Enquirer: 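Quick one: the structure is below, and I'll ask about it shortly.
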Amino acid sequence: MLNRTMVITLERFILEQEALQPDDRGELTNLLYDIALGAKLIASQIRRAGLVNIVGTAAAVNVQGEEQQKLDVYANETLQNALNHTGRVCAMASEEDEGLIPIPAGYSPGRYAVMFDPLDGSSNIDVNAPVGTIFAITHRLSSEGQGTERDVLQPGTELVAAGYVIYGSSVMMVYSTGNGVHGFTLDPTIGEFLLSHENITTPRTGKYYSVNESNFGRWSSAVQRAVRGFHGDDPARIKGKNSRYIGSLVADFHRNLIAGGVYLYPADLKNVHGKLRLLYECNPMAFLAEAAGGKATDGSRRILEIQPTSLHQRTPLVIGSAEDVDYVSTVIAEIEGRP
Ligand code: FDP
């Protein structure tokens, strides 16, 4: 008989998954749990944002030259504090910090390096639209002591886990260790993430395309042609799609992951290397997209195979349902005269 009181918590699920990865000695499980704790703290601040006068800019400018929101600062500190004392992490890199974040004196560095965008889509905070936290985890390459840039500048093929937390109408954590993509919804009454979406697979082709079309006139003609295909101008090869763009990568990616679709942030005349960061946004999302049966490219190359050369490197991104991502690569190759 069905046990109607049985729920699967994040902790239980990742412990059971750990049996599939015996070399990790429980550390990866605990590391994911540390991130979940940080996310719960961030979620609770976001919920109170309008109440505690925390909305608005923190009168600081981050390394990307963007205004930092107060919640960006809070989220960044919270994640670092959730990770830096555990003995599991040798170094962290955050979209909000210029350099590598060392482990504070008095704590031992561990076996993993963690990269994160603590509060993605933060321009949406003041208007109550969904934002998220994105993370990626690698094994360290250096042998001991504090981690080095080499530990974080690894291609996405080397990730051991990645995921995001979406702070939307509900709070969800979605992660993969390469073995399926699993989603957990936070039950606020008990403060636990409960398994709600096991083994998410993304449709081969999707209903939606998501891109900031105000940049249309600044894209290459190849990208313009591909997006026109999504408008319905190339019916022999691709069915027209519905447009959906929140302008919050986590939210746009999450919708397309579940419903099927493609998100693009191509290079344009203002953002000549694209806007999104390889380490904190593109690699973790590409890892998830592939684990769910989708794809991610920069328009031609597979995102996960790009060798990062600097902490804040940007790349164009085309990500989502495999056939839709392939369509963009095909059109770009044709127009650029590549095989
Ligand atoms: P934001 O600047 O609000 O942090 O990475 C940044 C990001 O948001 C993504 O989440 C989002 O998809 C994109 O930028 C939106 O950029 P545009 O406003 O240029 O469309």
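Model, not experiment: these values are computed from the prediction. Just follow the structure's listing: the first ligand is 1, and inside any ligand the first atom is 1. Positions are given from 1 along the sequence.
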Enquirer: Taking the basic N atoms (NZ, or NE/NH1/NH2) and the acidic carboxylate oxygens, is any pair closer than 4.0 Å for E27 and R140?
Expert: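 The answer is no: the pair does not qualify as a salt bridge.
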Enquirer: Which of these, Y280, Y265, Y263, has its nearest heavy atom closest to atom 12 (O) of ligand 1?
Expert: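 Result: the heavy atom closest to atom 12 (O) of ligand 1 is in Y263.
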Enquirer: Report yes if D117 has an N/O atom closer than 3.5 Å to an N/O atom of ligand 1; otherwise report no.
Expert: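 No, D117 has no N/O under 3.5 Å of an N/O on ligand 1.
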Enquirer: Can you confirm whether the side chains of Y327 and D234 place a donor and an acceptor under 3.5 Å from each other?
Expert: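 Present: a donor and an acceptor within the cut-off.
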Enquirer: Just heavy atoms, cut-off under 4.0 Å: does F253 contact ligand 1 by side chain, backbone, both, or neither?
Expert: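 No part of F253 is near ligand 1 at this cut-off.
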Enquirer: Under 4.0 Å, counting heavy atoms only: does R277 come that close to any atom of ligand 1?
Expert: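 Yes, that is the case, since the closest heavy atom of the residue is under 4.0 Å from the ligand.
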Enquirer: Answer with side chain, backbone, both or neither: which part of D252 has a heavy atom less than 4.0 angstrom from an atom of ligand 1?
Expert: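 For D252, no heavy atom sits under 4.0 Å from ligand 1.
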Enquirer: Knowing that exactly one of T138, L278, I101 qualifies, which makes a side chain to side chain contact (heavy atoms under 4.5 Å, CB included) with M115?
Expert: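 When side chain to side chain contact (heavy atoms under 4.5 Å, CB included) is applied between M115 and each of T138, L278, I101, only T138 qualifies.
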Enquirer: Would you kindly specify which portion of L249 sits under 4.0 Å from ligand 1, judged on non-hydrogen atoms: side chain, backbone, both or neither?
Expert: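 Both backbone and side chain.
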Enquirer: Got an N/O contact under 3.5 Å between G121 and ligand 1?
Expert: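 Yes, at least one N or O pair falls under 3.5 Å.
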Enquirer: Specify side chain, backbone, both or neither for S123, according to which of its non-hydrogen atoms lie closer than 4.0 Å to ligand 1.
Expert: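 Under 4.0 Å from ligand 1, S123 contributes backbone and side-chain atoms.
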Enquirer: Could you tell me whether the side chain of S210 and the main chain of R244 form a donor-acceptor pair under 3.5 Å?
Expert: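 Yes, the answer is positive, given that a donor and an acceptor are paired below the 3.5 Å cut-off.
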Enquirer: Under the side chain to side chain donor-acceptor pair (under 3.5 Å) test, which residues partner T189, sequence neighbours left out?
Expert: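 Partners of T189 under the side chain to side chain donor-acceptor pair (under 3.5 Å) test: D187.
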Enquirer: Ignoring angles and geometry beyond distance, decide whether D120 reaches within less than 3.5 Å of ligand 1 through its nitrogen or oxygen atoms.
Expert: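 D120 vs ligand 1: N/O contact under 3.5 Å present.
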Enquirer: For E281, counting its heavy atoms only, list the atoms of ligand 1 lying under 4.0 Å from any of them.
Expert: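 With E281 as reference, the close atoms of ligand 1 come out as 5 (O), 6 (C).
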Enquirer: Is the backbone N or O of L141 less than 3.5 Å from a side-chain atom of D151, with the two atoms forming a donor-acceptor pair by type?
Expert: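 Present.
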Enquirer: Going by the rule side chain to side chain contact (heavy atoms under 4.5 Å, CB included), which residues pair with T133 if we only count those two or more places apart in sequence or in a different chain?
Expert: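 Partners of T133 under the side chain to side chain contact (heavy atoms under 4.5 Å, CB included) test: I42, L79, V165, Y167.
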